Number of protein chains: 2
Amino acid sequence: MAKGQTNKGLTERLQAALKERGQRWTEQRQIIVDVLAASDGHATGAELVERVRQDDPSATPSTVYRTLDLLEELGLARHHHGPDGRETYHLEETTEHGHLHCRGCGAEQELDAAAAAPILKAITGATGFSADLDHLSLQGLCATCRADQKG
Amino acid sequence: MAKGQTNKGLTERLQAALKERGQRWTEQRQIIVDVLAASDGHATGAELVERVRQDDPSATPSTVYRTLDLLEELGLARHHHGPDGRETYHLEETTEHGHLHCRGCGAEQELDAAAAAPILKAITGATGFSADLDHLSLQGLCATCRADQKG
DNA sequence: ATGCTTATTGCAACGTGTTGCGATAGACTC
DNA sequence: GAGTCTATCGCAACACGTTGCAATAAGCAT
């Protein structure tokens with residue numbers, strides 16, 4: 001739960017998972033995980049590429065994106081698409097959550113599991129569909145902007 | 001309501017709206033609207049570009065995308081992002097709807113306004129957020145795939 | 001029909017992300 | 001430590017979409 005050691009635990013988990021699959025631990029991967037852990041909230045692919053290149057200028061976009069894909073496969077990271085279609089990544093240690101994007105003020109709000117529960121239930125009720133909270137990315141008007149429009 | 005004449009009505013509405021804004025009616029725009037109307041469901045940007053170029057090989061992607069943006073501004077078309085972040089366009093005459101993408105079987109389901117009502121209500125209740133149905137794009141497991149997993 | 005104004009087009013370059021391929025370098029065996 | 005196997009890397013090219021700019025042409029006035 002503390003913040004300081006999540007990174008180390010992550011690295012260990014990663015090394016173990018890779019070994020088990022006959023895959024390899026490399027410095028690039030360490031850097032990418034570090035960068036991802038350091039960008040505590042969300043970061044776009046391009047941002048991550050740039051930050052990784054600050055630590056290791058020889059790193060290329062393809063490596064970064066491939067590593068991010070790998071982290072997702074291992075369940076250690078997630079990505080979703082913002083309203084403009086850009087990719088946004090975050091570590092799995094961040095609790096599962098959805099995203100609410102306000103088209104009025106541009107604000108991005110997170111939607112935690114507790115708040116989402118009734119929504120997911122409504123989705124299942126209406127459609128039989130069991131939605132993934134992590135891919136739930138809504139666009140609309142936040143409460144403030146709705147109030148502004150009324151006022 | 002009939003299917004045959006929506007296209008013509010659309011062109012007329014478009015011409016009127018453009019004139020009012022001091023904008024111009026061009027053959028390219030006619031072609032793009034026709035193509036969009038002909039691809040009855042949804043089409044990605046790249047698909048639309050290709051189809052437009054079959055009718056007019058001189059058309060370029062930038063023109064097509066700019067026209068699609070214009071159509072959205074005028075409220076005659078919409079786009080949303082698929083699970084891979086690709087853009088998908090459809091005419092506004094298609095009733096407003098959300099999208100459900102099943103990660104099990106890959107099927108894409110539409111979610112009409114009636115089915116979505118309780119979901120939107122749950123979203124507002126949980127978050128104060130008024131979500132746009134047209135941007136509602138969910139990923140999860142459809143009823144069939146859920147049953148398969150259980151079985 | 002002619003000329004004027006300026007919206008639209010095509011081009012070219014860019015940004016983000018993906019893919020194929022040969023070269024590099026991890027990890028394991030001896 | 002040297003050799004082997006192959007996962008990973010860097011590069012280059014591609015795909016989708018966007019943007020700036022000069023040339024074209026739509027729409028209006030005469």
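Throughout, protein chains are lettered first and strands after them, A, B, ... in sequence-line order, and every chain is numbered starting at 1. If you're wondering where the values come from, they're calculated on a predicted model, not measured in any experiment.
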Interatomic distance, [X] [atom1] vs [N] [atom2] [rounded to whole Å]:
X	N	atom1	atom2	result
B:Q28	D:dA23	CD	C1'	14 Å
B:R51	D:dC16	CZ	P	13 Å
A:R53	D:dC11	CZ	C1'	11 Å
A:E50	C:dG15	CD	C1'	12 Å
A:D56	D:dT8	CG	C1'	13 Å
B:Y89	D:dC16	OH	P	13 Å
B:R86	C:dG17	CZ	P	11 Å
B:Q15	C:dA7	CD	P	19 Å

Side-chain contact, heavy-atom cut-off 4.5 Å: [X] with [Y]?
X	Y	answer
B:T60	B:T63	yes
B:D132	A:R103	yes
A:H81	A:R86	no

Worksheet item: Do A:H42 and A:H79 have ring centres separated by under 6.0 Å?
Response: no
Discussion item. Taking the ring of A:H80 and the ring of A:H135, is the distance between their centroids below 6.0 Å?
Written reply: no
Worksheet entry | Heavy-atom pair of closest approach, residues A:L141 and A:G104 | CD2-N, 3.6 Å
Worksheet item: Does the side chain of A:T63 get closer than 4.0 angstrom to OP1 or OP2 of D:dG10 through an N or O atom?
Response: yes
Worksheet item: For B:Y65 and D:dG17, is the shortest distance between a side-chain N/O and OP1 or OP2 below 4.0 Å?
Response: yes
Discussion item. Does A:E72 have more than 12 heavy atoms from other residues, nucleotides or ligands lying within 6.0 Å of its CD?
Written reply: yes
Worksheet, complete the sentence: Out of C:dT18, D:dC9, C:dT9, minimum distance to the side chain of A:R29 belongs to D:dC9
Response to the item:
Of C:dT9, D:dT18, C:dT18, the nucleotide closest to the side chain of B:E87 is D:dT18
Using residues 14-22 of chain A as the side-chain source, report each donor-acceptor pair under 3.5 Å to any protein atom, sequence neighbours left out, with the distance given to one decimal.
{"residue": "A:R21", "atom": "NE", "partner": "A:Q23", "partner atom": "OE1", "Å": "2.9"}
{"residue": "A:R21", "atom": "NH2", "partner": "A:E73", "partner atom": "OE2", "Å": "2.9"}

Worksheet item: Nucleotide by nucleotide, 5' to 3', does protein get under 4.0 Å of the base (B), only the sugar-phosphate (S), or neither (-) in nucleotides 19-24 of chain C, counting heavy atoms?
Response: BBB---
Response to the item:
The contact string for nucleotides 25-30 of chain D, one letter per nucleotide 5' to 3', using protein heavy atoms under 4.0 Å with B, S and - for base, sugar-phosphate only and none, comes out as BBS---
Worksheet item: Any side-chain donor-acceptor pair under 3.5 Å between B:H101 and B:H99?
Response: no
Worksheet item: Which is true for B:G85 with a 4.0 Å heavy-atom rule: it touches a base, it touches only sugar-phosphate, or it touches nothing?
Response: nothing
